[in-house]
2 protein chains.
Amino acid sequence: MDTQQTPADADAGEDFAFDVLAQRCPSRPVLEHITGRWGSLVLIALREKPARFNELRRRVGGVSEKMLAQGLHALERDGFVAREVHSTIPPRVEYSLTPLGSQTAEMLWELIMHLEYAMPHVLRSQQSYDAAASAEA
Amino acid sequence: MDTQQTPADADAGEDFAFDVLAQRCPSRPVLEHITGRWGSLVLIALREKPARFNELRRRVGGVSEKMLAQGLHALERDGFVAREVHSTIPPRVEYSLTPLGSQTAEMLWELIMHLEYAMPHVLRSQQSYDAAASAEA
DNA sequence: CAGTATCCGAGAGGATACTG
DNA sequence: CAGTATCCTCTCGGATACTG
């Protein structure tokens, strides 16, 4: 990354909030690629180590070929994932995280860890919510 | 949060990776609530300060009543958002972040800031990808 | 104001078959 | 193995109208 700003600009970041929320910014689709149903899981799966297509497919539970290919294309296009082709027989294609992808995966990982940690709390909240909902019905 | 584990348990977290990827865990839907198209934006929008329904709707660009209501319900059920009803006329309902929601919003915020910061890089990556794609076509 | 109910189109996403 | 192409379904999500 060789942008002009420095991370110390974080305070100027409040401006970005408006941008993201105002949906006229180009970052929304990208955000959805990395947070979407499969995008996040692919990044997490690649976090450990690079993988080939079917290996990746096994690593991420429940993803179809179509969705995996689609997700990988999007992430490659956005520059989060690198694709390396070895033109052998049988073909061998390795997917790995770029530095940017690696940073992003790390942040996603923290988010997921936070979430897993909070899950007991969440489940209890869901139960009381459902109990209250069925009580008034 | 009053779970048993401490944040220092982070190393045990690698076990969670498998859980999330294996899609047999209850955290997937919750992850989708907070990372989904509107969920993340609602959390970000509430990060600054609590808001009422229509105020929130104005703050998040492009969200429909239906999706906002749906997202708020999910987030409330999961315990990220608190809903406070003032039975007046006209009715007044305030949405705010719970402590858990606040932590989560903060992590999302960091992710989005990271993304905004990386956007120039991403856009360039997209351009070269598209150029290469149309070149071979 | 704060929603719910309904209808409808578009796209997400899965299963299968096929190609290099 | 590493995908693409096709079909089909089902949910997402927007617009509109209505209620308390």
Side-chain angles (χ1 to χ4, degrees), chain A residues 21-24 28-42 45-46 50-77 81-96 129 132-133 136-137, chain B residues 21 23-24 28-42 45-46 50-77 81-96 129 132-134 136-137:
Chain A
L21 294 175
Q23 125 264 41
R24 36 182 174 67
R28 278 237 193 144
V30 179
L31 179 62
E32 278 159 37
H33 291 161
I34 63 179
T35 62
R37 180 152 183 209
W38 301 118
S40 56
L41 297 179
V42 168
L46 284 177
R52 299 169 59 183
F53 190 86
N54 280 306
E55 186 184 348
L56 201 48
R57 193 160 167 239
R58 264 171 265 121
R59 228 186 268 181
V60 178
V63 66
S64 67
E65 288 187 3
K66 180 185 169 185
M67 284 301 105
L68 181 55
Q70 209 170 92
L72 282 171
H73 281 330
L75 292 174
E76 188 195 352
R77 193 175 102 98
V81 165
R83 179 190 150 138
E84 190 180 354
V85 186
H86 306 264
S87 299
T88 57
I89 295 179
R92 179 184 185 84
V93 181
E94 282 236 332
Y95 292 94
S96 60
Y129 182 95
E136 81 183 51
Chain B
L21 295 175
Q23 128 261 45
R24 39 183 171 66
R28 277 235 194 148
V30 179
L31 179 62
E32 278 158 36
H33 291 160
I34 62 179
T35 62
R37 181 153 182 208
W38 301 117
S40 56
L41 297 178
V42 167
L46 283 176
R52 299 168 58 182
F53 189 86
N54 280 306
E55 187 185 346
L56 201 47
R57 190 156 169 241
R58 263 171 266 118
R59 228 185 268 182
V60 178
V63 65
S64 67
E65 287 186 3
K66 180 186 169 184
M67 285 302 104
L68 181 55
Q70 209 171 91
L72 282 171
H73 281 329
L75 291 174
E76 187 196 353
R77 193 176 102 98
V81 165
R83 181 190 147 135
E84 190 182 355
V85 185
H86 306 263
S87 299
T88 57
I89 295 180
R92 179 184 184 86
V93 182
E94 282 237 332
Y95 293 93
S96 60
Y129 182 95
S134 62
E136 79 184 52

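As a basis for the values below, the full set of heavy atoms in this structure was taken, side chains included, without hydrogen atoms, waters or symmetry mates. The sequence lines fix the lettering, A, B, ..., with proteins before strands; numbering per chain opens at 1.
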Q: Measure CD/A/Gln70 against P/D/dA5 and give the value in whole Å, please.
A: 12 Å

Q: Got B/Trp38 and B/Gln70 here, is their nearest side-chain heavy-atom distance under 4.5 Å?
A: no

Q: Report yes if at least one side-chain N or O of B/Arg92 is closer than 4.0 Å to OP1 or OP2 of C/dA2; otherwise report no.
A: no

Q: I want to confirm an ordering. Mapping A/Pro91 and A/Met67 to their closest nucleotides on DNA chain C, which one lands closer to the 5' end?
A: A/Met67

Q: Can you tell me the distance, in whole Å, between the CG atom of A/Leu41 and the P atom of C/dG13?
A: 11 Å

Q: Apply side chain to side chain contact (heavy atoms under 4.5 Å, CB included) to the pair A/Arg83 and A/Val93, showing each step before the final yes or no.
A: CA-CA 7 Å; A/Arg83 179 190 150 138; A/Val93 181; 3.8 Å; yes

Q: How many Å lie between CZ on A/Arg83 and P on D/dC1, as a whole number?
A: 16 Å

Q: Could you tell me if the side chain of B/Ser40 sits less than 4.5 Å from the side chain of A/Leu31, heavy atoms only?
A: yes

Q: Let me know the distance between NE2 of A/His86 and C1' of D/dG3, rounded to the nearest Å.
A: 16 Å

Q: So, OP1 or OP2 of D/dG14: does either fall under 4.0 Å of a side-chain N or O from B/Arg37?
A: yes

Q: Check B/Val81, B/Val42, B/Leu68 against B/Tyr95 for a side-chain contact (heavy atoms from CB on, under 4.5 Å) and give me the one that passes.
A: B/Val81

Q: Nearest whole Å is fine: how far is D/dG14 C1' from B/Arg57 CZ?
A: 10 Å

Q: For the pair made of CG in B/Leu56 and P in C/dG3, what is the distance, rounded to whole Å?
A: 10 Å

Q: Report the distance from atom CG of A/Asn54 to atom C1' of D/dG3, rounded to the nearest whole Å.
A: 9 Å

Q: Please confirm whether the backbone N or O of A/Arg52 pairs with a side-chain atom of A/Glu55, one donor and one acceptor, at under 3.5 Å?
A: yes

Q: Map A/Lys66 and A/Pro90 onto DNA chain D by nearest heavy atom, then report which one ends up closer to the 5' terminus.
A: A/Pro90

Q: Relative to the 5' end of DNA chain C, which residue comes earlier, B/Glu65 or A/Ser64, by the nucleotide with the nearest heavy atom?
A: B/Glu65

Q: Could you tell me the separation between the CG atom of A/Leu68 and the C1' atom of C/dA12, rounded to a whole number of Å?
A: 15 Å

Q: Strictly by Watson-Crick or wobble contacts shorter than 3.5 Å, is anything paired with D/dT19, and which nucleotide is it?
A: C/dA2

Q: Taking only side-chain N and O atoms of A/Tyr95, does any of them lie within less than 4.0 angstrom of OP1 or OP2 on D/dG3?
A: yes

Q: I want to check one thing: is the phosphate of C/dT4, taken as OP1 and OP2, less than 4.0 Å away from some side-chain N or O of B/His73?
A: yes

